[in-house]
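Not measured: the values here are computed from a predicted model. Indexing begins at 1, ligand by ligand and atom by atom, following the structure's order. The first residue in the sequence is number 1, and the count goes up from there. Hydrogens, waters and symmetry mates are skipped; everything else that's a heavy atom, side chains included, is used.
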Amino acid sequence: MRRKNVMNGSVPIARVAPAIWLLIVALSLPFRAAGDPPGEIAERIDALRAQIAHHDELYFKKAAPEISDYAYDQLKRELAVLERDHPELAAGRGDAAIGDDRSGRFATYPHRQRMLSLAKSYTETELRAFAARVSRQLSRKDVAYVVEPKFDGLAISVTYQNGRLTRAVTRGNGDEGDDVTANVMTIRGLPRQLRSTSPEGGSNPIPDLIELRGEIYVGYAEFNRINREREASGATLFANPRNLAAGTLQQVDPAVTAARRLEIVFYGHGACEPALTCPGSQLDLLRRLRAWGLPTVGNPRRVTDADGMWQAVREVGQERGHYAFPTDGAVVKVDDAAAQRELGETRNAPLWAMAFKFAPDEVETRLRAIDWQVGRTGVLTPVAELDPVQLGGSTVSRASLHNAREVVRRDVRLGDYVMVEKAGEIVPAITGIDLKRRSPASTRYVLPTTCPECGTALRPLADGTASLLCANQDCPAQVRRRLAHFVSADAMNISGLGAASIDKLVKAGLVRTPADLFHLRRSGLLQSGVASETTADHVLKEIEHSKRAELWRVIYGLGIPRVGATTAHVLALRLNSLEDLARWEGRQRGFGTAVPAADLAPDAVAALDEYLRSPSHRAQVLALAELGIGRTESGRATAGPRKLAGKVFVLTGALPHFTRSEATEKIEQAGGRVATAVSRQTDYVVFGDGSGSKLDAARKIGVAEIDEAGLLRLLAGE
Ligand code: IVH
């Protein structure tokens with residue numbers, strides 16, 4: 001067990017209180033363990049602990065979970081009940097409820113006040129039992145509660161001392177967590193300094209010290225953006241926004257964190273001094289957080305009894321489909337701070353709050369077939385074809401099976417009954433197989449050996465991901481997908497043409513390469529059925545207009561593996577044209593002096609090497625160049641005085657006014673270059689709040705240190 005009980009001294013409430021909430025949680029549980037012989041129970045407890053530890057490891061350390069959060073919660077719940085009924089088996093096994101998100105990659109830092117989790121409920125009965133217990137304990141019926149959405153991200157504690165942000169620490173084991181201050185500082189909208197007067201007027205005293213508790217998350221729009229970009233560059237996708245948030249927060253280089261839009265919301269507090277300045281209720285806390293200038297819960301509902309509470313929880317459940325952030329439940333909190341204190345807490349959770357977790361939209365259906373889709377780069381993706389079922393308000397007949405390795409590892413077979421889950425806006429995925437319903441006659445699924453589109457023999461992908469690859473670049477599926485990517489909104493943004501139009505144009509033999517699009521005529525559009533008499537001119541105009549797209553869009557649109565939008569931006573900033581792109585000088589030199597290979601990620605270098613070594617690819621790039629595409633000024637280093645020409649910068653810590661990408665853009669526009677590590681080639685280290693080892697490294701070799709103001713002076717030519 002990796003959870004250690006590191007708290008010194010006594011934990012008196014912990015001995016009694018868990019029994020209370022476990023009793024409540026257990027009210028509606030089937031007592032599967034009641035009649036089981038003790039040996040079997042001990043085995044089951046061991047198995048559950050091992051499984052939970054395994055999933056914790058995947059979740060916290062590798063950010064790559066295998067099971068849904070709901071399935072994970074069910075494991076923890078079963079363990080909690082068994083341990084409650086068999087304390088002799090639980091004794092000395094440490095504290096299983098709170099988890100441990102320490103990654104081992106950061107220094108740890110202690111919380112002043114233990115950072116708690118929440119007790120969870122799954123049914124109306126459990127939630128009403130919570131209200132009944134609260135009323136009993138407070139000896140009154142009319143208890144006011146606040147109901148909030150439960151944000152699905154990572155718990156964080158941010159300390160403000162005299163109004164100034166001093167530290168950000170993950171929950172860890174509750175007593176100490178990872179010190180992720182530098183990463184948290186990159187979050188936009190998180191003020192370093194609290195405002196003392198509220199916008200509505202009136203004072204809003206700032207405590208000398210307050211540990212604010214909240215959640216770091218990634219919104220759906222950003223999640224989709226990053227996954228689209230990863231898909232385009234052939235990287236593995238994040239399973240859900242929470243993995244993405246976890247993976248981002250755990251980055252040791254804050255520059256990576258800054259390139260992704262993390263968000264933060266506050267909903268609670270830990271230590272707060274002096275008491276006089278601390279909020280008198282949950283609603284008061286939320287109001288003050290807003291007045292201090294902090295992001296907080298948008299639409300808290302205050303209710304005055306159990307019926308109102310249940311109604312509010314159901315409303316959150318109905319609304320959550322429209323939230324821009326991921327939620328997996330609602331949180332109910334006793335409003336009044338004095339009542340909260342009276343109710344107290346266990347070692348793991350306050351006794352005045354309760355989470356209600358919504359069951360994911362999950363259904364069981366039958367797997368009919370596996371359809372292998374050939375992507376733009378030739379990688380085959382398995383898609384499950386299912387008996388259509390209703391799920392989360394729509395009919396689902398296809399679901400993701402991720403990749404060939406997953407199909408083999410999970411031993412999924414045709415005819416199996418599978419669980420399909422849909423979370424938020426995310427594509428439905430298969431989360432389990434109902435082995436009890438498997439036909440005894442079923443046989444292992446045999447992976448395809450030839451491309452379903454062109455019949456070429458498949459080979460495993462060289463990157464060790466055990467994906468299957470169709471290496472025929474003329475495979476019609478690849479041709480169609482590459483073109484669909486080229487015209488897509490993120491690339492050339494030719495709005496008159498979608499994937500279906502591209503299919504028709506390719507089938508009609510009118511288009512094979514991107515340049516062919518620009519030779520299309522009215523007659524071709526009409527004959528292929530892509531446009532009508534009335535729409536043809538519009539489509540042609542759109543195509544013509546796209547010739548002025550910025551260079552990065554064209555480079556990105558080429559669909560070079562591993563060259564996502566970010567790398568395309570980097571290239572476009574320093575290359576002048578597509579002709580420059582065709583002048584690739586190989587793995588060692590990159591684009592000569594304009595973009596040395598060392599400035600690019602190694603996998604992008606390898607991919608560019610492979611792509612541009614092919615004469616047909618170079619011909620395609622040059623054919624676009626001849627049409628005058630990629631020549632606009634925008635999106636690349638502008639002319640004018642290039643004050644920082646040749647200078648190399650390293651950014652560290654968070655700057656007061658600029659995000660890292662904004663600072664990078666400014667430096668590059670002025671002709672400078674931003675490197676990620678300090679070396680003797682570095683001219684300046686630009687430091688901000690929370691800068692660490694890079695500044696130390698700079699001091700050791702005597703590199704000039706400047707702050708944001710210094711950078712602005714350089715940019716202004718002073
Ligand atoms: S209150 C003492 N409110 O859910 C206060 N937690 O599964 C404890 N969470 O650890 C937390 N949204 O990370 C609270 N509106 C909300 C929340 C929330 C998400 C998280 C938090 C907590 C976890 C429990």
Heavy atom of the protein closest to [atom] (residue, atom name, distance):
atom                    : answer
atom 17 (C) of ligand 1 : Tyr267 CE2, 3.3 Å
atom 15 (N) of ligand 1 : Glu148 OE1, 2.8 Å
atom 24 (C) of ligand 1 : Ser117 OG, 3.6 Å
atom 20 (C) of ligand 1 : Glu215 OE1, 3.3 Å
atom 23 (C) of ligand 1 : Lys150 NZ, 3.9 Å
atom 22 (C) of ligand 1 : Arg171 NH1, 3.8 Å
atom 3 (N) of ligand 1  : Lys333 NZ, 2.9 Å
atom 8 (C) of ligand 1  : Leu118 CD2, 3.8 Å

Could you tell me if any non-hydrogen atom of [X] lies under 4.0 Å from any atom of ligand 1?
X      : result
Val297 : no
Pro350 : yes
Ala155 : yes
Ala355 : no

Any donor-acceptor N or O pair under 3.5 Å, side chains [X], [Y]:
X      : Y      : answer
Ser103 : Asp178 : yes
Glu126 : Tyr122 : no
Asp179 : Thr181 : yes
Ser157 : Arg213 : yes

Centroid separation Phe223 to Phe238 less than 6.0 Å: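 For Phe223 and Phe238, the ring centres are not under 6.0 Å apart.
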Pair Trp310 + Phe356: ring centers closer than 6.0 Å: yes
Under 3.5 Å donor-acceptor, His111 side chain and Arg171 backbone: yes
Expected output: side-chain Gln340 to main-chain Val334 donor-acceptor under 3.5 Å: yes
Location of contacts on Arg213 toward ligand 1, heavy atoms closer than 4.0 Å: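 It is neither part, as no heavy atom is under 4.0 Å.
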Using a 4.0 Å cut-off to any heavy atom of [X], which atoms of ligand 1 qualify?
X      : result
Leu116 : 10 (O)
Lys120 : 7 (O)
Pro149 : 12 (N), 15 (N)

Contact check, side chains of Met185 and Leu165, non-hydrogen atoms, under 4.5 Å: yes
N or O pair under 3.5 Å between Phe151 and ligand 1: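 N/O-N/O distance under 3.5 Å: yes.
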Evaluation steps, ring pair (Phe, Tyr, Trp, His ring centres under 6.0 Å), between Phe325 and Tyr220: CA-CA 6 Å; Phe325 52 85; Tyr220 284 122; 8.4 Å; no
Distance under 6.0 Å and angle within 45° of ring axis: Arg167 vs Tyr109: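 Geometry flag: set, cation within 6.0 Å and 45°.
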